[in-house]
Amino acid sequence: MTGIEELLASRIRDVADYPEPGVMFKDITPLLADPAAFGALTDALADVAVRTGATKIVGLEARGFILGAPVAVRAGLGFIPVRKAGKLPGATLAQAYDLEYGSAEIEVHAEDLRTGDRVLVVDDVLATGGTAEASLRLIRRAGAETAGVAVLMELGFLGGRGRLEPALAGAPLEALLTI
């Protein structure tokens with residue numbers, strides 16, 4: 001592990017049997033509470049934004065807001081929230097997607113993404129990839145390009161990377177930690 005990987009990993013707490021028995025939840029709140037670790041995370045994700053030529057950051061509800069907004073500020077870019085359906089006022093674009101049990105829908109303000117935008121999607125965790133995949137479809141439907149996806153951690157055993165690769169269409173997926 002590199003120094004930043006060690007720092008970030010040391011600030012992520014395992015919570016057994018949350019939100020249900022058999023699940024090992026990765027709690028990032030200790031990382032967020034540590035200004036050095038949170039600053040290092042923000043810097044690392046802002047570097048990804050710069051390297052990929054992003055012009056805007058999309059943060060996925062809800063922890064993607066916490067990570068994406070300071071990344072956008074640090075990189076000098078605009079921030080666009082992608083929210084659960086029904087949470088944004090005004091005209092929106094929506095994208096439905098399947099979950100393990102059921103389906104969900106996300107939305108973005110229609111005017112926030114335009115042709116020529118290069119969008120980096122930022123989130124805390126890549127698990128099965130459903131929400132990230134839906135966000136990439138939404139970005140393209142708005143006429144923007146995908147600069148990539150950047151996450152704090154990837155839960156490799158859940159196969160999200162494989163699910164996302166077709167939707168990424170060659171854009172990078174960068175995970176600072178892989179579990």
Side-chain angles (χ1 to χ4, degrees), residues 1-13 26-84 87-88 92-93 106-127 129 131-140 142-156 160-161 164 167-179:
M1 272 192 178
T2 66
I4 187 168
E5 289 171 336
E6 288 178 11
L7 174 63
L8 298 176
S10 74
R11 300 307 190 274
I12 297 170
R13 176 177 55 187
K26 300 295 185 182
D27 181 14
I28 68 167
T29 58
L31 187 156
L32 300 174
D34 179 329
F38 194 18
L41 171 60
T42 301
D43 288 344
L45 293 173
D47 287 346
V48 173
V50 170
R51 275 198 330 268
T52 59
T55 60
K56 291 193 177 161
I57 301 294
V58 154
L60 304 180
E61 188 167 345
R63 288 180 296 270
F65 297 173
I66 296 168
L67 302 184
V71 167
V73 170
R74 184 76 41 93
L77 306 174
F79 176 76
I80 312 296
V82 168
R83 304 228 36 209
K84 295 174 184 168
K87 300 288 186 181
L88 291 172
T92 62
L93 289 174
I106 55 174
E107 293 180 330
V108 67
H109 275 130
E111 71 274 4
D112 287 347
L113 295 171
R114 296 184 181 91
T115 302
D117 284 337
R118 287 188 45 79
V119 181
L120 179 69
V121 175
V122 172
D123 205 2
D124 64 329
V125 175
L126 175 64
T131 307
E133 180 185 33
S135 73
L136 296 174
R137 289 184 178 157
L138 196 57
I139 289 162
R140 287 199 179 92
E145 297 176 39
T146 301
V149 174
V151 296
L152 165 58
M153 67 183 124
E154 176 182 354
L155 304 180
R161 181 174 292 267
L164 269 189
L168 281 164
L173 165 58
E174 297 203 26
L176 301 179
L177 300 171
T178 301
I179 297 170

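No hydrogens, no waters, no symmetry mates; every other heavy atom, side chains included, goes into these values.
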Which atoms form the tightest heavy-atom contact between [X] and [Y], and what is the distance?
| X | Y | answer |
| --- | --- | --- |
| L120 | A147 | N-CB, 4.1 Å |
| K26 | L155 | CG-CD2, 4.5 Å |
| L41 | L8 | CB-CD2, 3.8 Å |
| A75 | V50 | CB-CG2, 4.5 Å |
| G116 | T55 | O-OG1, 4.5 Å |
| T178 | A175 | OG1-CB, 4.2 Å |

Main-chain N/O of V119 paired with D117 side-chain donor or acceptor, under 3.5 Å: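 Looks like no, no N/O pair under 3.5 Å.
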Any V121 side-chain heavy atom under 4.5 Å of T146 side chain: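 In short, these two side chains do not touch, never coming nearer than 4.5 Å.
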Trace of the side chain to side chain contact (heavy atoms under 4.5 Å, CB included) decision for D123 with V125: CA-CA 6 Å; D123 205 2; V125 175; over 6 Å; no
Sidechain N-carboxylate O distance under 4.0 Å for R51, E174: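 Result for this pair is yes, salt bridge flagged.
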R83/E107 salt bridge by N-O under 4.0 Å criterion: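 The answer is no: the pair does not qualify as a salt bridge.
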Separation of [Y] [atom2] from [X] [atom1] (nearest 0.5 Å):
| X | Y | atom1 | atom2 | value |
| --- | --- | --- | --- | --- |
| I66 | L152 | CD1 | CG | 11.5 Å |
| R140 | L93 | CZ | CG | 14.5 Å |
| R137 | I106 | CZ | CD1 | 10.0 Å |
| L7 | L176 | CG | CG | 11.0 Å |
| F65 | D124 | CZ | CG | 12.0 Å |
| I57 | F79 | CD1 | CZ | 8.5 Å |

Side chain to side chain contact (heavy atoms under 4.5 Å, CB included) between L77 and K56, worked out: CA-CA 5 Å; L77 306 174; K56 291 193 177 161; 5.6 Å; no
Candidate pair I80 and H109, rule side chain to side chain contact (heavy atoms under 4.5 Å, CB included), full reasoning: CA-CA 8 Å; I80 312 296; H109 275 130; over 6 Å; no
